[in-house]
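Below, read A as the first sequence line, B as the second, and so on, with proteins coming before strands; counting in each chain starts at 1.
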Protein chains: 2
Amino acid sequence: MDIAHRTTDQQTPAEQRRRELLEAADRVVLRDGPKASMNAIAAEAGITKPILYRHFGDKGGLYRALATRHTDALLASLRASLDAPADRRRRVEATLDTYLASIEAMPQVYRFLMHPAEESHQTEQGFDVGRHSAPLLRRMGEELGQVIAERVDLGPAAEAQARIWGHGIVGMMHAAGDWWLGERPCSRAELVKSLADLLWGRLAEADDRPGGPGF
Amino acid sequence: MDIAHRTTDQQTPAEQRRRELLEAADRVVLRDGPKASMNAIAAEAGITKPILYRHFGDKGGLYRALATRHTDALLASLRASLDAPADRRRRVEATLDTYLASIEAMPQVYRFLMHPAEESHQTEQGFDVGRHSAPLLRRMGEELGQVIAERVDLGPAAEAQARIWGHGIVGMMHAAGDWWLGERPCSRAELVKSLADLLWGRLAEADDRPGGPGF
DNA sequence: AGCATGACGTTACTTGCGGTAACAGCAGTC
DNA sequence: GACTGCTGTTACCGCAAGTAACGTCATGCT
């Protein structure tokens with residue numbers, strides 16, 4: 001009685017098993033969202049709970065492993081867009097579009113990554129507030145900040161500025177994408193163009209409207 | 001035996017009670033974060049669970065009531081900054097600063113509003129993905145989009161553009177603020193200035209750095 | 001061979017939370 | 001005085017996370 005067909009024989013059975021479990025978990029999370037239960041995941045994998053716990057420690061561990069996989073994949077495609085040989089505006093638009101296309105194609109994955117619904121029975125309160133935010137946003141922000149620092153000449157205090165911009169731009173992309181995905185008020189291309197325009201300072205350039213409210 | 005000192009006698013006991021319960025819940029959520037249990041909240045209010053459920057239906061109802069209170073408060077102060085009589089750059093900076101000052105002053109509240117950790121025992125999967133995002137972001141985005149549409153002359157397709165920008169800018173502010181609150185890499189004033197600079201198109205103006213990586 | 005180690009797997013349990021009966025006191029009110 | 005409606009209670013259900021204790025088979029060491 002052998003396993004039906006293993007993808008590659010070139011790795012330890014433990015790693016192989018872990019991959020299988022992660023893939024099963026993936027299927028369940030894609031189907032049920034972040035509220036997928038450990039029982040359900042175990043059942044999907046054809047086993048029972050304690051094995052999951054032996055492999056991943058706790059639910060957070062499993063989810064972290066899943067998130068890392070997807071995050072890595074998304075970051076890889078973003079890096080590709082960021083590294084395309086074109087002028088800055090083109091690269092920015094390509095990156096925005098890549099991100100939006102990804103979340104559009106896999107909304108469940110996106111939702112899982114952004115709202116992990118964490119819970120640790122013993123979180124200390126107070127100082128490390130922001131830590132619970134979706135780690136994907138942080139990673140993307142840091143990454144983009146680094147790219148900006150490398151490529152754009154920002155004068156003094158460039159380092160700090162670049163990081164701020166990285167996180168800010170990622171947040172802009174994320175929030176706009178989240179809203180767009182829910183309401184679909186326009187095409188993806190329009191959204192990309194509008195966001196790029198925003199980054200290109202069109203808010204500052206535009207005139208006031210006649211008869212402003214404050215006067 | 002009278003209640004110690006009631007704020008106003010001008011309301012029905014039911015409303016009065018509801019306010020008291022919400023204040024107790026507030027205290028617990030501020031102390032324990034979003035994972036505060038209904039038991040704990042009930043205990044803090046000096047009563048037991050079923051009363052909470054009679055007043056708020058379920059946990060989501062209570063949290064929604066709490067969130068609405070805080071969201072309204074934050075939006076009110078943001079509107080004040082947005083309406084200050086000054087030029088656009090000043091208003092933008094004032095609004096950013098107001099937001100950041102708020103989350104800096106009440107990080108627990110902020111965390112609660114942004115990560116409600118919702119759960120409904122019967123969520124349908126698929127179409128309404130983004131719905132679970134923090135409603136505060138949506139409200140702020142819509143609000144800002146409206147303000148932009150009212151005040152800024154954007155030519156054709158102004159409506160759509162303004163909403164996109166509203167959500168985008170709010171997302172930028174949020175993500176940058178979240179990161180900043182966690183790492184405190186610079187002063188609030190510096191963060192405000194950098195973000196305003198980003199919105200003012202300094203990313204587009206800046207030169208490439210000598211020796212870009214692509215070539 | 002004999003035996004220890006350790007991965008894989010199970011059943012059955014504990015704990016804790018959201019949520020819900022079912023019941024008890026105590027207004028007002030016709 | 002009984003009816004209504006509010007306050008409050010204890011005690012329970014269902015369910016999910018996480019754990020304990022046990023069984024089983026392969027491997028490798030002496």
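For D:dT7, neither phosphate oxygen OP1 nor OP2 lies less than 4.0 angstrom from any side-chain nitrogen or oxygen of B:R18. Contact check, B:T48 against D:dT9: a side-chain N or O comes under 4.0 Å of OP1 or OP2.
In this structure, A:H55 atom NE2 and D:dG18 atom P are separated by 16 Å, rounded to whole Å. Taking atom CG of B:N39 as the reference point, atom C1' of D:dA11 lies 13 Å away to the nearest angstrom. Whole-Å rounding puts the A:M38 CE to D:dA16 P distance at 13 Å. Atom P of nucleotide C:dG19 and atom CD1 of B:I51 are separated by 16 Å, given to the nearest angstrom. Across the protein-nucleic acid pair, A:K35 atom NZ and C:dC17 atom P stand 20 Å apart, rounded to whole Å. Counting to the nearest Å, the C1' atom of C:dT20 and the NZ atom of B:K59 are 17 Å from each other. Rounding to whole angstrom units, CZ of residue A:F56 and C1' of D:dG18 are separated by 16 Å. Between the OH atom of A:Y53 and the P atom of C:dG9 there is a distance of 17 Å, given to the nearest Å.
When each of A:I148, A:T98, A:L144 is checked for a side-chain contact (heavy atoms from CB on, under 4.5 Å) with A:L82, only A:L144 meets the rule.
The side chain of A:K49 lies closest to D:dG18 when the candidates are C:dG19, C:dC8, D:dG18. Of the candidate nucleotides D:dG18, D:dT9, C:dT10, D:dG18 has the atom lying nearest to any side-chain atom of A:D58.
Among the atoms of the strands shown, only primed sugar atoms or phosphate atoms (P, OP1, OP2) are found under 4.0 Å from some heavy atom of A:I47. When heavy atoms are screened at a 4.0 angstrom cut-off, B:S37 is found touching the sugar-phosphate backbone but no base atom.
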Under 3.5 Å, N/O pairs linking protein and nucleotides 21-28 of chain D:
none

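Ring geometry for A:W179 versus B:H167: interplanar angle under 30°, hence parallel rather than tilted (30 to 60°).
You'll find the side chain of B:L62 stays beyond 4.5 Å of the side chain of B:H55, heavy atoms only.
Residues meeting the side-chain hydrogen bond (donor to acceptor under 3.5 Å, both in side chains) test with A:E183, sequence neighbours left out: B:R163. Looking at residues two or more places apart in sequence or on another chain, you find a side-chain hydrogen bond (donor to acceptor under 3.5 Å, both in side chains) between A:R27 and A:E44.
Relative to the six-membered ring of A:W180, A:R188 misses at least one condition, a distance below 6.0 Å or an angle of at most 45° to the axis.
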| said: For a salt bridge (Lys or Arg N to Asp or Glu O under 4.0 Å) check, start with the C-alpha distance between A:R184 and A:E104, then their side-chain angles and the critical distance, and finish with the verdict. | reply: CA-CA 10 Å; A:R184 292 306 186 102; A:E104 186 180 24; 3.2 Å; yes
